[in-house]
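A short write-up of the structure that comes next.
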Amino acid sequence: MPKGRQPRVVVCGGGWGGLTTAKYLRRLAPKTEVVLVERNPVFFSCPVSNKWLVDMVDTSYLMHDYLQVSERHGYKFVQAEMLEVDRSAKTVVTTQGMIDYDYLVLAPGIRYNYEAWFGNDARMANATRSRFPAAYVTNAEHIALKKALHAFKGGDWVMTLPPPPQRCPPSPYERACMVAWWFKKNKIKGKVTILDHKDGIRPIGPGFRTAFQELYKDYITYVPNAHVREVDPFNRTIKTAAGDVRFDHAVLMAPHQAGDIAWKAGAVGINAQGKPSGWADVDPQMLNLLQDRDVYVIGDAVGQVSPQFQFYPKSGHVANKHGQIVAAYIAERLAGRSPGTVLPDNLCYMMVNGEPREAISVQFDYKINDKGVIEQTQIDDNQRRAELVTENFRWAGLKFDDMFS
Ligand SMILES: Cc1cc2nc3c(=O)[nH]c(=O)nc-3n(C[C@H](O)[C@H](O)[C@H](O)COP(=O)(O)OP(=O)(O)OC[C@H]3O[C@@H](n4cnc5c(N)ncnc54)[C@H](O)[C@@H]3O)c2cc1C
């Protein structure tokens, strides 16, 4: 796709960040051609998927069509994998061919770093991914996890939680609650063991701890500081710094990193030890690459933005806000103006009980202090209650509307 006369923005990734960027760009800069490149044929939402695992919502609630929404908003949807980025030529290579760009927005989400567990042993990584998927990226893993849960007859169900930063930190605890609730409701003699890399539950720790004790005392065992040392998907064993376990089924979450294309675009930074940080190095306020103003990275792939709290929460809420913000930045630049800084916020609801339906929540706000540093304030709402479930579904409805209507 060589460029025509119109300016062109190419967006990589039709997830929470990329979809929002494409829609808002068309609205704010209608003379701009927008091309969305996404490898999957349909959208599937990770948010709300823990409730879908236990049949609280239908698949149709999470799945959305890309072609219809792209037609509605007037951007081009290209179903393809983006393979390479040539920043000097301002061209990307996809499985469908090459596309020129004026601005590029990378919203690839995360990838699993199985190398941290298995080095170059692809057999171990593939066996882990196919037998005990994490279901933390949008593909067939969610279906596999749901099938495994619905076929589970009893025994030890183990979850390894990755070290921070990770996609949606509270969601593994929500998933543990939903699985435990499923066992309880269906009288399955199953036990959920959470092997957490962290030294405690964060965020909304008290809310989750109370739910574990009051609702799932006989179902959930929480193990902090369980740094994974060895995983064997064939013998179903995990060795950790806090002890070794055997499992009947497991949700094996390797550490998270920015998606492949961030690496291929040369966007990933270097940490204090001189090693790849795993996340994209961006201007904390403008979200463009430090070494290339015309390439933006948004959503989960973004690296450190503040010495105070380091990373934005890797959430759909933040990715959606980033999409709106970056679309406005690019629209301003296309109009020949300098954009002013806009910061996101974050809001997450986590369901902890299925009967009655109850949730807890956490909210984050951001501002720039007088030293020019982004500061975070966090409000945990640990009091589980039905009202937060209603708010959760209202939130999801508004976000789906924002991306798809
Ligand atoms: C179980 C679970 C529960 C969650 N609950 C919540 C919640 O309640 N609230 C909340 O705010 N967040 C939640 N999240 C987090 C949320 O899903 C992510 O933070 C959000 O999806 C990040 O958006 P993104 O655009 O950065 O990445 P994604 O939404 O993952 O989108 C990335 C897209 O890019 C595509 N892609 C990647 N590389 C390429 C390539 N090279 N070529 C073409 N396409 C590519 C992928 O296929 C994908 O569609 C949850 C996550 C999980 C796993």
Side-chain angles (χ1 to χ4, degrees), residues 10-22 35-53 62 64 66 77-85 92-96 99 105-112 133-139 141-142 145-146 159 162 165-176 178-179 251 253 256 258-265 279-280 297-302 311-323 326 344-351 359-364 388 391-393 395-396 399 403:
V10 173
V11 180
C12 177
W16 284 64
L19 273 167
T20 314
T21 311
V35 182
L36 177 68
V37 181
E38 164 59 48
R39 59 161 79 104
N40 290 333
V42 288
F43 173 92
F44 185 92
S45 175
C46 283
V48 196
S49 67
N50 287 333
K51 290 123 187 154
W52 164 84
L53 281 180
L62 304 181
H64 297 265
Y66 280 123
F77 171 65
V78 177
Q79 194 202 332
E81 172 97 20
M82 193 178 284
L83 301 170
E84 302 292 339
V85 177
V92 297
V93 180
T94 80
T95 44
Q96 299 271 20
I99 312 176
V105 179
L106 299 177
I110 59 158
R111 72 178 189 190
Y112 306 125
Y136 260 69
V137 295
T138 49
N139 52 30
E141 290 179 27
H142 284 88
L145 176 59
K146 186 162 182 168
M159 297 173 59
Q166 68 184 99
R167 168 166 279 187
C168 198
S171 61
Y173 309 117
E174 179 191 55
R175 190 179 275 176
M178 292 296 93
V179 170
V251 181
M253 287 186 225
H256 295 169
D260 281 346
I261 202 71
W263 298 74
K264 290 178 177 170
W279 306 98
V297 182
I298 60 169
D300 286 4
V302 169
F311 296 84
Y312 282 130
K314 299 193 178 298
S315 73
H317 190 102
V318 168
N320 166 263
K321 287 281 163 141
H322 275 170
V326 158
D345 64 335
N346 186 42
L347 180 59
C348 270
Y349 297 93
M350 292 288 131
M351 195 181 268
I360 54 181
S361 76
V362 58
Q363 187 185 329
F364 298 84
L388 294 181
E391 279 185 28
N392 189 174
F393 282 103
W395 171 89
K399 294 294 168 202
M403 291 185 285

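All values reported here derive from a predicted model rather than from experimental measurement. Order of listing sets the numbers, starting from 1, for every ligand and every atom in it.
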**Message:** Would Asn50 count as being in polar contact with ligand 1, using the rule that some N or O on each side must be under 3.5 angstrom apart?
**Reply:** no
**Prompt:** Can you find an N or O of Met82 that's nearer than 3.5 Å to an N or O of ligand 1?
**Reply:** yes
**Request:** Please confirm whether the backbone N or O of Arg39 pairs with a side-chain atom of Gln79, one donor and one acceptor, at under 3.5 Å?
**Result:** yes
**Prompt:** Where the side chain of Trp16 meets the backbone of Ser315, is there a donor-acceptor pair that is under 3.5 Å apart?
**Reply:** no
**Asked** With backbone taken as N, CA, C and O and side chain as the heavy atoms from C-beta onward, which portion of Ser171 lies under 4.0 Å from ligand 1: side chain, backbone, both, or neither?
**Response** side chain
**Message:** Would Lys399 count as a contact residue for ligand 1, given that I'm defining contact as a non-hydrogen atom of the residue lying under 4.0 Å from a ligand atom?
**Reply:** no
**Message:** Which residue and atom name correspond to the protein heavy atom nearest atom 39 (C) of ligand 1, and how close is it?
**Reply:** Arg39 NH2, 3.6 Å
**Request:** Could you tell me whether some N/O pair between Cys12 and ligand 1 is separated by less than 3.5 angstrom?
**Result:** no
**Which residue and heavy atom of the protein sit nearest atom 29 (O) of ligand 1, plus the separation** = Trp16 N, 3.2 Å
**Asked** What part of Cys348 sits under 4.0 Å from ligand 1 if we count only heavy atoms: the side chain, the backbone, both or neither?
**Response** side chain
**Request:** Return the residue, atom name and 0.1 Å-rounded distance of the protein heavy atom closest to atom 31 (O) of ligand 1.
**Result:** Gly15 CA, 3.1 Å
**Request:** Please write down residue, atom name and distance for the protein heavy atom closest to atom 47 (O) of ligand 1.
**Result:** Glu38 OE2, 2.7 Å
**Prompt:** What atoms in ligand 1 come closer than 4.0 Å to a heavy atom of Ala107?
**Reply:** 31 (O), 32 (C), 33 (C), 34 (O)
**Request:** If you have a sec, work out which protein heavy atom is nearest atom 52 (C) of ligand 1 and how many Å separate them, to one decimal?
**Result:** Cys46 CB, 3.4 Å
**Request:** Find all atoms of ligand 1 within a distance of less than 4.0 Å from any non-hydrogen atom belonging to Asn40, and give their numbers and elements.
**Result:** 47 (O)
**Smallest separation among heavy atoms of Ala280 and Val297, with atom names** = CB-CG1, 3.7 Å
**Prompt:** Quick one: does ligand 1 sit under 4.0 Å from the side chain of Ala319, the backbone, both or neither, non-hydrogen atoms only?
**Reply:** side chain
**Request:** Report yes if some N/O of Glu174 lies less than 3.5 Å from some N/O of ligand 1; otherwise report no.
**Result:** no
**Message:** Any side-chain to backbone donor/acceptor pair from His142 onto Ala135? Under 3.5 Å, distance only.
**Reply:** yes
**Message:** For atom 30 (O) of ligand 1, what's the nearest protein heavy-atom neighbour? Residue, atom name and distance, please.
**Reply:** Arg167 NH2, 2.7 Å
**Message:** Under 4.0 Å from a heavy atom of Ala80: which atoms of ligand 1 are those, numbered in the order shown and with their elements?
**Reply:** 42 (N), 43 (C)
**Message:** Using every non-hydrogen atom in the two residues, find where Val137 and Arg167 come nearest and quote the distance to one decimal.
**Reply:** CA-NH1, 4.0 Å
**Message:** Check whether Asn320 reaches the backbone of Lys399 with its side chain - one donor and one acceptor, N or O, closer than 3.5 Å.
**Reply:** no
**Request:** Cation-pi check, Lys146 to Trp52: give yes when NZ or CZ is under 6.0 Å from the six-membered ring centre and within 45° of the ring axis, no otherwise.
**Result:** yes
**Request:** Show which atoms of ligand 1 fall inside a sub-4.0 Å distance from at least one heavy-atom site of Gly299.
**Result:** 26 (O)
**Prompt:** With backbone taken as N, CA, C and O and side chain as the heavy atoms from C-beta onward, which portion of Val137 lies under 4.0 Å from ligand 1: side chain, backbone, both, or neither?
**Reply:** neither
**Considering all heavy atoms, the nearest Val37-Ala80 contact** = CG1-O, 3.4 Å
**Item:** Main-chain N/O of Glu141 paired with Asn139 side-chain donor or acceptor, under 3.5 Å
**Value:** yes
**Item:** Interfacing atoms of ligand 1 (cut-off 4.0 Å, heavy-atom, Ser49)
**Value:** 1 (C)
**Item:** Closest contact, heavy atoms only, Asp300 versus Trp279
**Value:** O-CZ3, 3.1 Å
**Request:** Would you please say whether a donor-acceptor pair under 3.5 Å links the side chains of Asn392 and Lys51?
**Result:** yes
**Message:** Quick test: of every protein heavy atom, which one is nearest to atom 16 (C) of ligand 1, and how far off is it to 0.1 Å?
**Reply:** Gly316 N, 3.4 Å
**Prompt:** Which of the atoms in ligand 1, numbered in the order shown and given with their element, are less than 4.0 Å from a heavy-atom of Met350?
**Reply:** 8 (O)
**Atom indices of ligand 1 within 4.0 angstrom of Arg175 heavy atoms, with elements** = 1 (C)
**Prompt:** Where is the tightest heavy-atom contact between Trp395 and Leu347, given as atom of each residue plus distance?
**Reply:** NE1-O, 4.0 Å
**Request:** Decide whether an N or O pair under 3.5 Å exists between Lys314 and ligand 1.
**Result:** yes
**Item:** Close N or O approach (Ile110, ligand 1; < 3.5 Å)
**Value:** no
**Asked** Among all protein non-hydrogen atoms, which one is nearest to atom 7 (C) of ligand 1, and what is the separation to 0.1 Å?
**Response** Pro47 CB, 3.7 Å
**Item:** Under 3.5 Å: N/O of Tyr136 near N/O of ligand 1
**Value:** no
**Item:** Main-chain N/O of Gly299 paired with Tyr312 side-chain donor or acceptor, under 3.5 Å
**Value:** no
**Request:** Taking all non-hydrogen atoms of both residues into account, name the closest pair between Glu84 and Ile261 and its distance.
**Result:** N-CD1, 4.0 Å
**Request:** Say whether, by atom type as modelled, one donor and one acceptor occur between the side chain of His322 and the main chain of Gly17 under 3.5 angstrom.
**Result:** no
**Contact check, Trp395 vs ligand 1, heavy-atom distance below 4.0 Å** = yes
**Any donor-acceptor N/O pair, Glu81 side chain to Leu83 backbone, under 3.5 Å** = no
